Amino acid sequence: MSAAEGLAPGLYVVATPIGNLGDLTVRAADVLARADLILAEDTRVTGKLLAHSGSKVPLRRHDDHSSDDERARVVAMLGDKAVALVSDAGTPLISDPGYRLVRDARAAGRTIHTLPGPCAAIAALTLAGLPTDRFLFIGFLPAKAKARADAIAEVAGLRATVLLYESGPRLAATLAALAQGLGDREAAVAREITKLHEECVSGSLSDLARRYANSPPKGEIVIVVGPPAEQAEASDDELDQALDEALKDRSPSRAAAEVAERLGVPRKRAYARALERSQ
Ligand code: SAM
């Protein structure tokens, strides 16, 4: 136990508000008030949050560029002190520092607690009205056009909603690059989430690129891109042909699973057909 008020030693990964201070969880406020030390990406930014929540806990700067020695000192401290890790806003480690510290703390067998809370990507997903069953967060795209196009090409084949962070001045160019690399999918631009000027604008990628081309928006932004349009489901003939080929050297269930994945048809349909074809 730490000397103060009984917070168990270890690392506390604490999510903080992404705009509205009312989103600081009760548990986060409690840990930020009782930890022995708070590690922050920018001590001035976190200082304001602590002033709001009434915490007097000492602050120290820490990020993924902190030296190996500094990280080792923090990991050693976790044996008998309660240390909280925060970033400027949202969930630490999500396009923010903290990964190296958590990795090293875990390797050293230290206790790690997470205090979940605001995360701009997840908040945007809940606003966008786009499919939520499969999604991929890709953080910030590279700034240079070629690297950006390559990063987009990497995710083009996925049947998933894609989430990314972007800034106002680059928004229109990124939307246009997404339209080019992914096709003109449905998308949404979620801006200033939980703040006074929160908005979420839906449209096709090309419409959104045009909308913002001459008026780069202010504030913080998440782009949400829907999955590729559903293709027409394979016909019985196409399915039979694929199954006959797969059944040559696979069991009906294996053949059905592989063909279902490849043709994007329900497994049940492929399996029923595979059983018939294998008799
Ligand atoms: N760790 C944070 C999180 O959990 O969301 C993200 C940190 S990342 C350095 C900052 C980026 O997150 C911003 O540039 C913006 O793209 C996005 N972001 C943060 N707050 C936001 C908000 N209130 N509305 C929209 N996007 C936001």
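Predicted model, so just to flag it, every value in this text is computed and none were measured. We count ligands from 1, going down the list as the structure has it; atoms in each ligand are counted the same way.
Near Ala89, meaning under 4.0 Å from any of its heavy atoms, are these atoms of ligand 1: 1 (N), 2 (C). Atoms of ligand 1 found under 4.0 Å from any heavy atom of Cys119, numbered from 1 in the order shown, are 4 (O), 5 (O). The ligand atoms of ligand 1 that sit less than 4.0 angstrom from a heavy atom of Gly90 are 3 (C), 4 (O). The ligand atoms of ligand 1 that sit less than 4.0 angstrom from a heavy atom of Phe140 are 8 (S), 11 (C), 14 (O). Remark: ligand 1 atoms within the under-4.0 Å shell around heavy atoms of Lys195 are 23 (N). Close approach of ligand 1 to Val222 (heavy-atom distance below 4.0 Å) involves ligand atoms 25 (C), 26 (N). With ligand atoms numbered from 1 in the order given, ligand 1 contributes 3 (C), 4 (O), 5 (O), 17 (C), 18 (N), 19 (C), 20 (N), 21 (C), 26 (N), 27 (C) to contacts under 4.0 Å with heavy atoms of Ala120. Listed by atom number, the atoms of ligand 1 under 4.0 Å from Glu192 heavy atoms are 23 (N), 24 (N), 25 (C).
Note: no N/O pair closer than 3.5 Å links Arg191 and ligand 1 by distance alone.
Residues Pro116 and Thr25 share a closest heavy-atom pair of O-CG2, 3.9 Å. The minimum heavy-atom distance between Tyr212 and Glu199, with the atom names listed, is OH-OE2, 4.0 Å. Residues Ala123 and Ile193 come closest through the heavy atom pair CB-CG2, 3.9 Å.
Ranking the protein heavy atoms by distance from atom 8 (S) of ligand 1 puts Ser95 O, 3.7 Å first. Counting protein heavy atoms only, atom 4 (O) of ligand 1 is closest to Thr91 N, 2.8 Å. Summary of contacts: the protein heavy atom closest to atom 3 (C) of ligand 1 is Tyr165 OH, 3.5 Å.
The 12-atom threshold is not exceeded at OH of Tyr99, counting heavy atoms of other residues, nucleotides or ligands nearer than 6.0 Å. By the 6.0 Å contact criterion, CG on Asn214 is open, its count of non-hydrogen atoms from other residues, nucleotides or ligands being 12 or less.
When Ile193, Asp88, Ile221, Ile94 are checked for heavy-atom proximity to atom 16 (O) of ligand 1, Ile221 turns out nearest. For atom 21 (C) of ligand 1, the choice among Glu220, Glu166, Glu41 with the nearest heavy atom turns out to be Glu220.
Here the CG-CD1 distance, from Leu85 to Ile112, works out to 10.0 Å after rounding to the nearest 0.5 Å.
A cation-pi arrangement is absent between Arg269 and Tyr271 under the rule of less than 6.0 angstrom and at most 45 degrees off the ring axis.
There is no side-chain donor-acceptor pair under 3.5 Å between Ser67 and Glu70. Remark: the Asn20 side chain and the Thr194 side chain contain no N/O donor-acceptor pair separated by less than 3.5 Å.
Only the side chain of Asp96 comes within 4.0 Å of ligand 1, counting heavy atoms alone; its backbone N, CA, C and O stay farther away.
Relative ring orientation between Phe137 and Tyr165 is described as perpendicular, the plane-to-plane angle rising above 60° on a 0-90° scale split at 30° and 60°.
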